[in-house]
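Notes to accompany the following structure.
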Amino acid sequence: MQSEAGLADLFGAGSRRLTILLRALIGLKIVLLFVLAWKCRFVMDEFGQLGYAKYLFNGLFATVQPSKAVGSTAFYKLAHLIGWDATSILLVGRTQTALIGCAITAMVYASARALGEDRIRALIIVLLLLCFSNFMERIFRSIAEPLAVFFAVAALLVVLRARELRGWQLVAAGALSGLSFLATQKAAYFNLALGVGLVADAALMRRYAAGVARGAWLVLGWTVPIIAYCFIFGGADPISIAKNLVFGPIEVATRGGGDYGGLRRFVLQTLARNYVLYVFCFAGMALSLMRIMKFDERRRIALVFSVVITVLVFAHDQPWPYVFIMALPFMSLWSLAMLDGLATRVRYLRVAWIALATAMAISFVVNLLYLRFDNAAQLELVARAESLLAPDERYFDGIGMLPNRMEPTTLWLDKHYVLKTLRESGRSEAYNVLSNSPPKLILWSYRMDYIYPVVAPLILNSYVRVAPNLRIAGSSLYPGQRKIFDVPIAGGYALYSTDGAPLRGQLEIDGAVLDPPFHLATGPKTVMLRNGAGVALLLPAGSYAGHFKAGSDNEFLFDGVYD
């Protein structure tokens with residue numbers, strides 16, 4: 001390993017100045033991380049996973065499908081407690097996760113130091129991690145993976161900082177691994193990687209009994225939070241919660257990513273965008289494996305852990321871009337090993353440093369370019385939709401875009417359930433929900449476009465568009481024109497202009513002329529506006545002034561979220 005002085009000499013800068021520069025660059029990356037968290041477009045999964053917190057201790061395990069570990073749901077409950085409306089909840093959730101990202105980078109620095117790296121090299125490792133596009137663009141997402149990574153890095157750090165591995169330290173690492181698993185069952189990858197690292201190190205040293213003992217202590221620690229979780233959420237029936245932990249992920253794992261097709265392109269995407277950084281990490285791990293028998297215990301465990309988690313993540317059959325954050329913190333620990341191998345070849349070493357510095361510099365530009373995918377339209381839609389719904393009224397979108405409003409179903413319209421809806425047609429959950437418990441409001445996106453052939457009969461004569469991507473129970477009427485209004489929700493209705501202002505007028509409903517207010521039962525009604533000069537909207541009685549907006553649907557709400 002090169003010393004601080006050696007790196008300073010290579011760059012022609014004093015050690016102190018280089019340290020200040022690295023800290024400044026890391027600080028700028030952290031600022032960019034929070035800007036990205038605040039401004040970047042939301043991925044569909046973020047709405048759903050953040051919104052599940054409204055069901056915590058309120059039917060979560062009977063409501064959310066497939067069954068999931070709810071550690072991240074409990075974490076995001078804090079956003080619901082801090083936020084005062086739907087938009088603020090979404091942004092607080094993003095801020096929470098960005099803070100988790102900062103904690104992960106701090107622990108990566110501590111891990112690098114525990115592995116014997118000096119301050120400058122540890123800072124370079126952290127900066128390199130922050131230069132991965134996938135890390136900067138995904139670590140702040142309000143999904144389960146960042147929280148799982150946090151506990152996984154913490155578990156490895158406990159092992160690396162132990163002067164001598166004892167039972168209580170392994171139990172602590174196991175407990176942190178268990179918490180990672182409770183954030184998302186995908187964290188079983190972390191659990192396996194840490195177990196393999198601990199046992200493999202003992203096996204390489206021919207300490208087989210110690211390897212068995214390590215595995216036992218680790219499993220014991222892992223079991224503690226799992227058992228506590230089952231009793232906290234299951235009470236007198238912890239077995240049913242334990243089944244959720246097992247059978248929920250099995251459902252997802254067995255169906256795999258076949259419904260989506262072409263997900264391996266995201267592997268190529270991340271490799272192409274960060275190829276210089278990946279070359280350093282992969283080469284560093286490969287060179288380190290060749291010298292593994294010369295390493296001390298800590299480095300052997302960390303290396304095996306890093307290699308196993310990297311293989312598992314890149315072999316995962318649903319490699320969405322955010323999945324790679326599960327490997328990047330651990331890969332980055334070995335990013336400077338290739339430079340160590342070039343230590344005696346100054347010319348090649350200088351070229352390698354120039355390549356690395358250039359890739360890091362380009363990453364700052366890429367971060368700024370990524371801001372073009374802003375979330376303004378998404379947040380506007382969320383705020384407008386919330387303003388049209390009372391706290392006890394329900395909406396549907398198949399995505400869960402309103403974290404503080406209830407839905408008649410948490411049907412998740414990913415590709416799998418879209419195809420299932422199209423196959424089952426009138427027997428599908430989407431059709432049954434819109435038929436038997438119709439919502440007041442429907443938020444429209446491309447996922448609703450996909451299932452429209454199935455649900456069109458339940459929407460066409462029952463809902464009217466009042467703003468881009470928003471349909472509300474009601475009908476648009478012209479004077480003297482008879483129209484079928486298939487009333488989805490019984491109750492009081494009134495007339496409104498296209499900008500939401502109240503209108504006065506008479507309606508002919510099934511041949512009877514009525515003055516407002518209009519009390520309508522569910523089912524088809526023949527309605528006609530008796531007077532007026534233009535279009536009028538027949539809607540559930542409410543206050544809508546200023547909440548409607550002209551314009552067609554925005555087809556790009558989720559455009560580019562995985563680019």
Side-chain angles (χ1 to χ4, degrees), residues 43-45 47-48 51-52 55 59 62-68 247-248 250-263 318 381 385 389 393-402 405-466 468-476 483-490 520-526 540 552-555 557-559:
V43 178
M44 291 74 72
D45 299 61
F47 291 111
Y52 290 155
Y55 297 106
T63 303
V64 177
Q65 298 294 330
S67 303
K68 300 175 182 288
F247 294 110
I250 285 178
E251 176 189 339
V252 177
T254 52
R255 76 171 184 244
D259 289 332
Y260 299 93
L263 292 185
Q318 295 187 49
L381 173 61
L389 285 174
E393 293 177 325
R394 295 175 180 257
Y395 77 100
F396 177 74
D397 62 0
I399 297 173
M401 291 186 73
L402 297 182
R405 293 292 186 268
M406 292 296 185
E407 307 144 81
T409 176
T410 53
L411 172 65
W412 183 247
L413 285 177
D414 63 359
K415 191 65 172 292
H416 173 78
Y417 282 104
V418 164
L419 295 175
K420 185 178 181 182
T421 298
L422 295 175
R423 285 196 307 269
E424 296 177 348
S425 189
R427 297 177 291 105
S428 66
E429 184 177 349
Y431 187 92
N432 289 332
V433 164
L434 292 174
S435 177
N436 299 325
S437 53
K440 177 183 178 181
L441 198 68
I442 298 176
L443 281 65
W444 207 267
S445 69
Y446 73 94
R447 293 191 175 185
M448 290 300 299
D449 283 332
Y450 286 160
I451 67 167
Y452 187 67
V454 171
V455 299
L458 304 174
I459 293 176
L460 192 59
N461 296 319
S462 298
Y463 291 85
V464 60
R465 183 168 62 194
V466 294
N469 304 94
L470 284 178
R471 273 76 161 153
I472 193 170
S475 182
S476 59
K483 192 170 184 180
I484 299 296
F485 175 34
D486 193 355
V487 182
I489 304 171
L520 302 180
T522 58
K525 307 284 187 293
T526 301
S552 57
D553 290 339
N554 183 347
E555 299 178 1
L557 282 175
F558 297 101
D559 189 51

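In plain terms, the two heavy atoms of T522 and A490 that are nearest each other are CG2-N, 3.5 Å. Minimum interatomic distance between S425 and Y431 (heavy atoms only, all atoms of both residues): O-CB, 3.6 Å. Closest approach of P468 to S552, counting heavy atoms only: CB-O, 3.3 Å. Taking both residues in full, the closest heavy atoms of P540 and A473 are given as CD-O, 2.9 Å, listed atom of the first, atom of the second, then distance. Smallest separation of non-hydrogen atoms from V487 and A521: CB-O, 3.4 Å. Counting all heavy atoms, side chain and backbone alike, S476 lies closest to K483 at O-NZ, 2.9 Å.
One finds the OH atom of Y395 at 15.0 Å from the CD1 atom of I472 (value rounded to the nearest 0.5 Å). How far CG of N432 is from CD of E424: 9.0 Å, rounded to the nearest 0.5 Å. A distance of 5.0 Å separates CZ of F558 from CZ of F47, quoted to the nearest 0.5 Å. Atom CG of L460 is separated from atom CZ of R471 by 11.0 Å, given to the nearest 0.5 angstrom. Note that the CZ atom of R405 and the CG atom of L389 stand 6.5 Å from one another [nearest 0.5 Å]. From Y446, atom OH reaches atom CG of L557 across 10.0 Å, with rounding to the nearest 0.5 Å.
Two residues are said to be in side-chain contact when any heavy atoms from C-beta on lie closer than 4.5 Å; I484 and T526 meet this criterion. Taking 4.5 Å as the limit, some side-chain heavy atom of D486 sits within range of a side-chain heavy atom of P524. Taking the side chain as every heavy atom from C-beta outward, Y450 and L413 never approach each other to under 4.5 Å. For the pair Y463 and P439, the minimum side-chain heavy-atom distance is below 4.5 Å. The shortest distance between side-chain heavy atoms of L441 and E393 does not fall below 4.5 Å.
Between the side chain of R447 and the backbone N or O of I399, no donor-acceptor pair lies under 3.5 Å. Looking at K420, its side chain never comes within 3.5 Å of a backbone N or O of S428 through a donor-acceptor pair.
Applying the side chain to side chain donor-acceptor pair (under 3.5 Å) test between W444 and each of N554, D449, N469 identifies D449 as the sole match. For the side-chain contact (heavy atoms from CB on, under 4.5 Å) with M448, the qualifying choice from L443, V418, I459 is I459, the only one to do so.
Considering only residues two or more places apart in sequence or on other chains, R465 meets the salt bridge (charged side-chain N to carboxylate O under 4.0 Å, His left out) condition with D553.
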